[in-house]
Amino acid sequence: MQASLGPIGVFDSGFGGLTILKELRRALPDADYLYLGDNARAPYGTRSFRLVYEFTLQAVQKLFEQGCHLVILACNTASAKALRSIQQRDLPLIDPTRRVLGVIRPTVEAVGSRTHSGAVGLFATPGTVASGSYEIEIDKHSPGTRVYTHACPMWVPLVENLEADDPGADYFVKKDIDALFGKNPDIDTLILGCTHYPILLPKIRQYVPAGVEILSQGEIVAASLLDYLERHPEINERISRGGTATYLTTETADKFNHLASAFMGTAVEADTIRL
Ligand code: DGL
């Protein structure tokens, strides 16, 4: 019997996963994608483990219901707080043939080859920083690399409230960059460990010291997905190939469409759903 086909599900608490979706579409343009932003409940970064897990599981189940066989948690907070439980505890019960992947592991795998000073900086949500996930994973893959972390609780609200381009954002971006590089000026590689942060990239570039490499998590995750699909033909052959992207949000569609269209560079018309 022919297995059913479905889009690749891409999930984030809000707009941030668009920075991953954009690169996935560039790397694998013929696949269909179904994006889900839980904008009504963003930010996740200041929420408890239990809530991030519950919200993420609801989103994954919704994407499965919509026909996705593969879901990417395009959200570091959900990857840090919910991915392992979903993979190990929930998936075997829901449907062991489906897959859920995160963004932290591929990012960490790329870090070791990039830094020369051995000092790496991480900006992320309070939840991701508190989880210690990046330090634990970097220690496994590149022992000896020193990781300096700084939580930026204001950056996601700036993006979710469509303030990323406004002058008010400069204050918080500069303040947080100064705080991180104040911990060690030798940091030569910077991880934006929250998928919302690339939406602030023009401002981040303005204040980060010259010569620091800012890793592009979208590109890294896209390359890692291509590699994964090559190694897992049973998942690859269940992806529908119409080259489309469809969008779901838990907020009003108008608000979502505005920033999503600007960021994706094409008209986005989302449907509002409840989780
Ligand atoms: N974009 C998400 C991340 O990568 C979550 C941000 C948030 O909702 O706080 O961490």
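The chain is numbered in sequence order, starting from 1. One-based numbering, in listed order, for ligands and for the atoms of each.
Aromatic ring orientation, Tyr247 versus Tyr35: tilted (interplanar angle from 30° to 60°).
Contact check on Asp178 versus Lys175 returns no salt bridge, with no Lys/Arg side-chain nitrogen under 4.0 Å from an Asp/Glu carboxylate oxygen.
Cation-pi contact between Arg47 and Phe55: absent, since separation from the ring centre below 6.0 Å together with deviation from the ring axis within 45° is not met. Note that Lys81 lies outside the cation-pi zone of Tyr53, set by a 6.0 Å cut-off to the ring centre and a 45° limit from the axis.
Sparse packing is recorded around CZ of Arg205, with 12 or fewer heavy atoms of other residues, nucleotides or ligands lying under 6.0 Å away.
Counting only distance, with no hydrogens or angles, the side chain of Asp166 and the backbone of Gly168 share no donor-acceptor pair below 3.5 Å.
Within 4.0 Å of ligand 1, heavy atoms belong to protein residues Asp12, Ser13, Pro43, Tyr44, Gly45, Cys75, Asn76, Thr77, Thr125, Val156, Cys194, Thr195, His196.
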